[in-house]
Every structure is written in C-alpha cells, then in structure tokens.
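Residues take their numbers from the sequence shown, with the count starting at 1.
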Amino acid sequence: MNKKSALAILGSPHKNGKTAAMMDIAIRRAEEKNYLVTKINLYEKNISYCMGCRSCMDTQICTQRDDIQEIANLLRECQIVFLAAPVYWANVPAPVKNLFDRLLGTAMEETSTLLKPRLRGKKYMILTSCNTPFPFSWIFGQSRGAIRNMDEFFKTAGMKSIGKVVCSGAASKKELSKQIARKINRCLK
C-alpha cells in the first residue's frame, strides 16, 4: 500500500511539553491512517531571518542557504502538515513567524492583481497550547491570535484546514485531557 506523507512541524522549545504532546497524538493518528510522517523541530533548525529581497517570489526558494530548503521541499512533497506551536503574547513564537517569512515564495506567487497560492490541494492542522485558562484565553484573544496567524499562512498558500485544537490553561495541567486527544484524532478521520 502506498503511503501518503505528512510533515509535522514543532514550533515549541519544549520537546516534552503540552504542545509537543499534542503533536505526538497527531503523528500517531496519521501513522494509523498510513501516513509516513516526517517530524521537524524548528528550534533545532538553522533558519536565518528573511532579508526581504523577494527573489523567492520568482524562484520559489530562498536564496539564503540553510535548513529552509529542506523544509520547503518537505512542504511541497507532503499531503498534510501539522503545525504545533504554543501561544506567545497572543501570537506564534518567533521561529514559527520566521518560518512563514522564509517560505513566502514557496507558499505564494504575486501576480499583477492577486496572490496565487502555490500549495493547493494540501491540508493542514493547527495545534496550540496557551497558559491562559479557557474561556479567558479566547475572550482576551490569546489563542485566537496565534491561530489567526497560522491560518493566514496556510490559507494564503491555498491549503485546506482539517482542524484546529487548543489546549487552554496548559501550565496548570499535568497531562493532556482525553478530550484534547479525541479532538485531534477526529480531525484525521
């Protein structure tokens, strides 16, 4: 049986934290569904900052030589992406935002009128955790801001969401709830 491929991107400095645990659940479920999963940790990658040269808009790849080429190739080849990132100041951590900046030409093409997505047909799942307890995490926009940022990148790239799962009040939890695990598993039917 042919395996489909998935790219699991961890955007958290905590390899054993709640966000990583959410990613592990998604990976296990994807493997059960016959996906070959490649996992990368952004905190272990060498990814320089975007220089704003915009060469990637024509070439579809950044001119700076670092680990972004590997990630861009994996992104192009996979059918589904899992992005797990905690909430930092109602947004994503800096390595995740930097990833988005560096994947500009991989994700989209500029035309004289509108942006043209380059990753159509792919799917994505967003996994995030935040220390603010629910419902305050939502009321004050903590998790909502991070989700909006991640969603914007994937939607601009032409990808379709299969789910967004938030673990609120993460600091006070010893482990993920069964409800969170069920939500993640339901996204991968």
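The existence of a salt bridge linking R29 and E32 is confirmed by a sub-4.0 Å separation between a basic side-chain nitrogen and an acidic carboxylate oxygen. Salt-bridge formation is detected for the pair E70/K45: a Lys NZ or Arg NE/NH1/NH2 atom is positioned less than 4.0 Å from an Asp or Glu carboxylate oxygen. Salt bridge E175/K18: absent, no basic N to carboxylate O contact under 4.0 Å. Under 4.0 Å is where a charged nitrogen must lie from a carboxylate oxygen, and between K164 and D151 at least one such pair does. Between K15 and E44 there is a salt bridge, since at least one side-chain N of the basic residue sits less than 4.0 Å from a carboxylate O of the acidic one. For K97 and D101, the salt-bridge test passes: some basic side-chain N is under 4.0 Å from an acidic carboxylate O.
Using modelled atom types, one side-chain atom of N131 and one backbone atom of A171 make a donor-acceptor pair closer than 3.5 Å. Panel note: side chain S5, backbone E77; a donor-acceptor pair is recorded below 3.5 Å. Judged by distance alone, the side chain of N185 and the main-chain N or O of A26 form no donor-acceptor pair under 3.5 Å. Looking at K173, its side chain does come within 3.5 Å of a backbone N or O of S168 through a donor-acceptor pair. No donor-acceptor distance shorter than 3.5 angstrom exists from the side chain of T38 to the backbone of L7, with no hydrogens or angles considered. The backbone N or O of M159 sits nowhere less than 3.5 Å from a side-chain atom of K123 that would complete a donor-acceptor pair. Checked by atom type and distance alone, the side chain of Q69 pairs as donor or acceptor with a backbone atom of Q64 at under 3.5 Å. No donor-acceptor pair under 3.5 Å is formed between the side chain of Q60 and the backbone N or O of M57.
The side-chain heavy atoms of L42 and L10, taken from C-beta on, include no pair separated by under 4.5 Å. Annotation: side chain of S161 is not in contact with side chain of I126 (no heavy-atom distance under 4.5 Å). Looking at T106 and R118, their side chains never come closer than 4.5 Å, going by heavy atoms from C-beta outward. Residues L127 and L83 fail the side-chain proximity criterion, which asks for heavy atoms closer than 4.5 Å. Using a 4.5 Å heavy-atom threshold, the side chains of P86 and P93 count as touching. Here the side chains of N91 and V96 are not in contact, with every heavy-atom distance at 4.5 Å or above. M125 is not listed as a side-chain neighbour of I80, based on a closest heavy-atom distance of 4.5 Å or more. Two residues are said to be in side-chain contact when any heavy atoms from C-beta on lie closer than 4.5 Å; R102 and C50 meet this criterion.
No continuous path of ILVMFWY side-chain contacts below 4.5 Å connects V37 to L75, so the two sit in separate hydrophobic clusters. In the hydrophobic clustering of ILVMFWY residues, with side-chain heavy atoms under 4.5 Å counting as a link, F82 and I184 come out together. A chain of hydrophobic side-chain contacts below 4.5 Å, direct or via other Ile, Leu, Val, Met, Phe, Trp or Tyr residues, connects I71 to M150. Hydrophobic clustering, with ILVMFWY side chains joined whenever heavy atoms are under 4.5 angstrom apart, keeps I162 apart from V81. Y88 and V166 fall into different hydrophobic clusters, where Ile, Leu, Val, Met, Phe, Trp and Tyr residues are linked whenever their side-chain heavy atoms come under 4.5 Å apart, directly or through other members.
A distance of 12.5 Å separates OG1 in T156 from CG in L103, rounded to the nearest 0.5 Å. For the atom pair OG (S48) and CZ (R65), the distance works out to 12.0 Å, reported to the nearest 0.5 Å. Rounded to the nearest 0.5 Å, atoms CE (M23) and CG (N41) are 9.0 Å apart. Taken to the nearest 0.5 Å, the CZ atom of R144 stands 11.5 Å off from the SG atom of C130. With rounding to the nearest 0.5 angstrom, the CG atom of L104 is 11.0 Å from the CD1 atom of I68. Atom CZ in F154 sits 14.0 Å away from atom NZ in K160 (nearest 0.5 Å).
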* Going through the checks in order, is the side-chain contact (heavy atoms from CB on, under 4.5 Å) test met by V165 and T128? -> CA-CA 6 Å; V165 181; T128 189; over 6 Å; no

* side-chain contact (heavy atoms from CB on, under 4.5 Å) assessment of E109 paired with L115 -> CA-CA 6 Å; E109 172 185 355; L115 300 175; over 6 Å; no

* Would I27 and K39 count as a side-chain contact (heavy atoms from CB on, under 4.5 Å) if you check the C-alpha gap in whole Å, the side-chain angles of each, and the deciding distance to 0.1 Å? -> CA-CA 8 Å; I27 290 171; K39 182 178 178 181; 3.7 Å; yes

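Summarising the geometry of N98 relative to I47, their closest heavy-atom pair is ND2-O, 3.2 Å, with the distance given to 0.1 Å. Between A72 and I61, the shortest heavy-atom contact is CB-CD1, 3.6 Å. What you find for V92 and A146 is that their closest heavy atoms are CG1-O, 3.9 Å.
Between the side chains of R76 and N73, at least one donor-acceptor pair of N or O atoms lies under 3.5 Å. Side chain to side chain, T19 and S129 meet the donor-acceptor criterion of an N or O pair below 3.5 Å. When only modelled atom types and interatomic distance are considered, N46 and D67 share no side-chain donor-acceptor pair under 3.5 Å.
Enclosure of atom CD in Q179 is not indicated, since only 12 or fewer non-hydrogen atoms of other residues, nucleotides or ligands lie within 6.0 angstrom. The number of heavy-atom neighbours closer than 6.0 Å to CZ of F136, taken from other residues, nucleotides and ligands shown, is 12 or below. Atom CE of M51 sits in a sparse spot, with 12 or fewer heavy atoms from other residues, nucleotides or ligands closer than 6.0 Å.
In this pair, F100 and F153 present their aromatic rings parallel. The plane angle is below 30°, not in the 30 to 60° band.
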